[in-house]
Chemist: 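What follows is a single structure, and I will ask about it in a moment.
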Amino acid sequence: MSALTPPGDMPTPTTDKITQAAMETIYLCKFRVSMDGEWLCLRELDDISLTPDPEPNPEDPNYLMANERMNLMNMAKLSIKGLIESALNLGRTLDSDYAPLQQFFVVMEHCLKHGLKAKKTFLGQNKSFWGPLELVEKLVPEASEITASVKDLPGLRTPVGRGRAWLRLALMQKKLSEYMKALINRKDLLSEFYEPNALMMEEEGAIISGLLVGLNVIDANFCMKGEDLDSQVGVIDFSMYLKEGSIAKCSEGDGQITAILDQKNYVEELNRQLSATVNNLQAKVDALEKSNTKLTEELAVANNRIITMQEEMERVKEDGSYYTKGNKQERTSDGQALSEARKQLKEETQLRLDVEKELEVQIGMRQEMEMAMKMMDKDVCEKQDALAALRQQIDDLRALKHELSFKLQSSDLAMKQKNELNSRLEEKTNQMAATIKQLEQSEKDLVKQAKTINSAAHKLLQKQH
């Protein structure tokens with residue numbers, strides 16, 4: 001693949017730059033990638049109409065980028081769907097040699113590379129998706145462990161290799177969807193690395209991050225110490241998804257069962273995430289309750305201290321009334337004690353107000369957390385009801401399948417009996433045909449005998465005359 005030419009000083013990408021970037025990839029802009037059911041279709045853009053507007057300009061950079069985004073999104077859908085189905089059918093932990101998994105990483109690499117800005121270095125220009133992936137640890141603290149592990153791998157020398165290793169570790173951790181969603185939501189940070197019309201900046205990126213949630217049902221294990229991730233060539237193998245005429249279609253019942261199983265797995269994964277969120281919220285509620293109890297105790301102590309200070313104030317005032325006619329030094333000392341008591345009372349009052357404000361804030365946060373807990377419980381109940389409904393549908397479909405199998409066996413038995421009866425009728429027909437032939441032959445013999453008798457009688461009559 002040829003390198004990109006240096007970008008100009010213009011803030012927006014030129015037509016030549018976007019055209020060369022499109023030619024770097026396997027998804028050529030002269031073709032449209034679409035889906036026919038579960039299969040991939042490649043059609044030339046000259047044979048189809050993309051929009052209701054007459055004759056879109058194929059040289060328009062926005063048109064080319066939009067076509068690339070749609071092609072990559074459809075390829076991601078097919079790759080993720082095929083990977084989930086094949087992994088569930090395989091029923092074991094996937095490794096780096098599994099072909100559908102390799103193709104998934106190739107498609108993800110193309111999605112992350114789409115619309116990347118080229119950065120100038122002393123060796124030339126460099127385009128790598130490792131820069132955006134490094135931002136994830138700032139958005140999601142859990143990703144810092146993956147980033148540190150990638151940086152510590154001894155065999156990785158290029159940013160591309162580190163990015164590939166990061167994708168594999170995120171899939172092993174079953175957090176790839178969460179990390180991609182957090183990254184796509186911060187388009188203000190992504191604008192430093194991507195063009196405005198790149199896949200990660202448009203709604204196709206959000207769709208792909210949602211599709212990645214289904215991959216949490218897959219168990220994968222990679223050993224990247226001896227794997228050369230720097231020099232791998234990422235080429236999408238379209239032959240895995242192209243539709244062939246010789247492939248037989250599955251029955252409608254099996255297709256429905258597969259779709260419902262996918263929905264069931266998706267709902268179970270969402271239920272697991274919701275349960276984890278509920279546990280986190282419960283822990284926060286417990287912490288808030290402890291803090292609320294502590295603040296309540298501090299408020300009671302402050303109230304007691306204020307009451308004590310007020311009593312001391314009253315006592316000082318009474319003492320002052322008794323000794324108003326005393327010497328000047330005693331009055332001065334009493335005045336100082338009174339001012340100190342007032343100052344301390346003011347401080348205690350301010351402390352009480354601050355504690356009350358903080359208590360009100362904590363109570364408001366607790367109410368919000370309780371409301372969030374109620375909403376999460378409601379959502380969990382809805383997901384559990386949906387899961388129960390899906391399981392009931394699976395049971396109904398299985399019963400329907402058993403019933404159809406029983407009817408098929410009954411029809412096969414009836415057909416076998418009819419075939420036996422038909423064979424018997426054919427045998428009887430053959431026997432009757434043979435009997436008819438014998439009767440016809442007997443009839444012919446009788447006719448001959450009758451003719452012979454008639455001729456003999458006629459001769460006798462002639463002789464008698």
Side-chain angles (χ1 to χ4, degrees), residues 33-41 70-112 164 166-181 184 199 204-222 234 236-244 247-276 383 386-387 389-391 393-394 397-398:
V33 178
S34 61
M35 289 190 294
D36 181 11
E38 299 179 353
W39 300 97
L40 176 70
C41 294
M70 186 186 63
N71 292 349
L72 284 172
M73 183 183 68
N74 289 330
M75 284 303 306
K77 287 181 180 179
L78 289 172
S79 176
I80 294 171
K81 181 178 178 62
L83 177 59
I84 293 174
E85 290 179 352
S86 60
L88 292 178
N89 293 331
L90 190 63
R92 63 175 177 85
T93 303
L94 306 182
D95 53 18
S96 58
D97 295 331
Y98 193 57
L101 191 58
Q102 293 176 354
Q103 284 300 305
F104 164 74
F105 286 124
V106 171
V107 174
M108 283 300 300
E109 183 176 341
H110 281 286
C111 292
L112 292 170
R164 291 169 177 170
W166 190 94
L167 289 175
R168 285 157 172 77
L169 291 177
L171 183 63
M172 288 174 60
Q173 200 181 34
K174 297 187 178 181
K175 293 291 185 66
L176 183 58
S177 173
E178 180 181 348
Y179 296 159
M180 294 301 294
K181 185 177 180 181
I184 289 173
L199 184 141
E204 288 85 352
I207 294 174
I208 293 176
S209 68
L211 294 173
L212 293 175
V213 176
L215 295 179
N216 293 339
V217 302
I218 295 177
D219 294 325
N221 188 16
F222 305 103
I236 301 176
D237 185 9
F238 290 106
S239 63
M240 296 179 63
Y241 312 105
L242 289 174
K243 184 176 181 181
E244 298 179 3
I247 298 178
K249 293 184 176 180
C250 297
S251 63
E252 184 177 358
D254 293 339
Q256 292 178 353
I257 291 176
T258 303
I260 291 176
L261 286 174
D262 292 341
Q263 295 177 6
K264 174 177 172 290
N265 293 328
Y266 178 72
V267 171
E268 287 180 347
E269 179 60 26
L270 285 180
N271 192 13
R272 185 186 68 80
Q273 293 182 358
L274 289 174
S275 299
K383 297 299 183 183
L387 183 61
L390 288 173
R391 288 176 177 170
Q393 291 181 10
I394 291 174
L397 285 173
R398 286 176 177 170

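Small disclaimer: the values here were computed from a predicted structure and weren't measured.
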Chemist: What distance do L83 atom CG and L78 atom CG have between them, rounded to the nearest 0.5 Å?
Modeler: 12.5 Å
Chemist: Measure from the side-chain N and O atoms of S79 to the backbone N and O of M75, and report whether any donor-acceptor pair falls under 3.5 Å.
Modeler: no
Chemist: If we only count heavy atoms from C-beta on, is the K383 to L387 side-chain gap below 4.5 Å?
Modeler: no
Chemist: Determine the sole option in I218, D219, N221 for which the side chain to side chain contact (heavy atoms under 4.5 Å, CB included) test with M172 is passed.
Modeler: N221
Chemist: Kindly compute the distance separating CZ (F104) from CZ (R168), expressed to the nearest 0.5 Å.
Modeler: 10.0 Å
Chemist: How far apart are the closest heavy atoms of M180 and L212, and which atoms are they?
Modeler: CG-CD1, 3.8 Å
Chemist: Say you draw a straight line from CH2 of W166 to CG of L171; how long is it, rounded to the nearest 0.5 Å?
Modeler: 10.5 Å
Chemist: Establish, yes or no, whether the cationic atom of R164 lies under 6.0 Å from the six-membered ring centre of F105 and within 45° of the ring axis.
Modeler: no
Chemist: Quick one: closest heavy-atom pair of Y179 and Q173, and the distance?
Modeler: OH-OE1, 2.6 Å
Chemist: Say you draw a straight line from NZ of K77 to CG of L72; how long is it, rounded to the nearest 0.5 Å?
Modeler: 12.5 Å
Chemist: What are the two closest heavy atoms between K175 and N216, and how far apart are they?
Modeler: N-OD1, 4.5 Å
Chemist: Nearest heavy-atom pair of L94 and A87: which atoms, and what distance?
Modeler: CD1-CB, 3.8 Å
Chemist: Would the number of heavy atoms belonging to other residues, nucleotides or ligands and lying under 6.0 Å from NZ of K181 be above 12?
Modeler: no
Chemist: At their closest point, which heavy atom of I208 faces which heavy atom of C111, and how far apart are they?
Modeler: CD1-SG, 3.9 Å
Chemist: Check the pair E109, L112 against side chain to side chain contact (heavy atoms under 4.5 Å, CB included), reporting the backbone distance first and the verdict last.
Modeler: CA-CA 5 Å; E109 183 176 341; L112 292 170; 6.0 Å; no
Chemist: Which heavy atom of D97 sits nearest a heavy atom of Q102, and at what distance?
Modeler: CA-NE2, 3.5 Å
Chemist: Determine yes or no for a side-chain-to-main-chain donor-acceptor pair under 3.5 angstrom, with S177 supplying the side chain and S209 the backbone.
Modeler: yes
